[in-house]
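Just so you know, ligand 1 is whichever comes first in the structure, and atom 1 is the first atom listed for that ligand. Scope of the values below: all heavy atoms of this structure, side chains included, with no hydrogens, waters or symmetry mates.
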Amino acid sequence: MNRFSYARATDLRDALAQHHGAPHVAFVAGGTNLVDLIRVNVERPVRLIDITRLPLKSIDETPAGGLRIGALVTNSAAARNRTIAERYPLLSKAILAGASAQIRNAATIGGNLLQRTRCPYFYDTDVPCNKREPGSGCPALEGVNRMHAILGASEHCIAVHPSDMCVALAALDAAVHTDGPHGARAIAFPDFHRLPGDTPHIDTNLDRGEIVTAVELPPQGFAGHHAYLKLRERASYAFALVSVALAVELDGDAIRDVRCALGGVAHKPWRDFDAESMLRGAPLTGDVVRRFAGALVRNAQGRRGNAFKIELVTRAVVRAFQIATGRDFRSERDDG
Ligand code: SF4
């Protein structure tokens, strides 16, 4: 483990000034992923800036009728918050599906956004990994890739984003608020995380020295019809093979609006806006839902260890619609 210096920031301005966009300087709050990465020598900061005392721990109504969740709110506090549980239950359920109670008590909303892949090769400094050492190679392409991506991957990296919370935030059309050397800004959720392309070592579109200050939820929380379905190797404390965050608004038997994000399948929470558009105004039937599920994986690429995920996604999406709407598509005549 490398030696590093440690400093505590007193407020946001102090944190930004202490970082100053310098290389190998990291903000730390819950540390539930960063400290692990430092221990195994994957992250080698020269300086850690502790931001746990910054005033980013409140959950506030926004003038637009949504909710703003401070970046230092813990995962547990967010999941237990009554307003979130009542108005955005999809988010509460996704958070509670992740990690363990102990980790959720320490992990923060901002840190959850920034956690890194759990690809085992990434954590093993004895093997190459393009995400850890750009240009060194990707042993997962032909190696153990059961947990890896089927959508949006590249020949440089097939890792997946590990968060459950982020899948729900993607489905809810959240925005990420930041502050940094170039001032404050809001980043639409689809633009926050990146696909690997030929720069798999860069996970997000944050600038160096930029800090996440909050996540903003729009007014529509889809409390009436939603589902977070997580399929994993065991019932708790396991990352998703495939997860589905589904939010539906019905108009009688028709779908008025829908948002569907997938986890465990790509380098970022996966939304397919073209596929979603074919559902708006369509009748809620098994045929329609299955066609949508098939469209989501039309460009999927499976490998030896993870090709099963393509079928798993289609079945999980249909199941998520059943949970969210209470409909049993198996009983429909058009079900075949
Ligand atoms: Fe590294 Fe990505 Fe390949 Fe995993 S999938 S070994 S993180 S380059």
So for His156 against ligand 1, with non-hydrogen atoms under 4.0 Å, the contacting part is backbone
Do any of the N, O or S atoms of Cys157 sit under 2.8 Å from atom 2 (Fe) of ligand 1? yes
Check whether NZ of the Lys or CZ of the Arg Arg271 lies under 6.0 Å from the centre of the six-membered ring of Phe189 and within 45 degrees of that ring's axis. no
Using only heavy-atom distances, determine whether the side chains of Arg68 and Ser58 contain a donor-acceptor pair under 3.5 Å. no
Between Ser76 and Asn105, is there a side-chain donor-acceptor contact under 3.5 Å, judged purely by atom types and distance? yes
To the nearest 0.1 Å, how far is atom 4 (Fe) of ligand 1 from its closest protein heavy atom, and which atom is that? Cys119 SG, 2.3 Å
Ranked by distance from atom 7 (S) of ligand 1, the top protein heavy atom is Cys129 SG, 3.5 Å
Test side chain to side chain donor-acceptor pair (under 3.5 Å) applied to Asn112 and Gln115, step by step: CA-CA 5 Å; Asn112 194 320; Gln115 63 177 304; 2.9 Å; yes
Heavy-atom contacts with Pro139 under 4.0 Å: which atoms of ligand 1 show up? List them by number with element. 6 (S)
For atom 3 (Fe) of ligand 1, the protein heavy atom that lies nearest, with its residue and separation: Cys138 SG, 2.3 Å
For Glu43, is there an ion pair with Arg116 - N to carboxylate O distance below 4.0 angstrom? yes
Identify, for atom 6 (S) of ligand 1, the protein heavy atom at the shortest distance, and state residue, atom and that distance. Tyr121 CB, 3.4 Å
In terms of hydrophobic clustering (I, L, V, M, F, W, Y; side-chain heavy atoms under 4.5 Å; direct or indirect links), are Met147 and Leu141 co-clustered? no
Using a 4.0 Å cutoff against the non-hydrogen atoms of Ile158, which atoms of ligand 1 qualify? 5 (S)
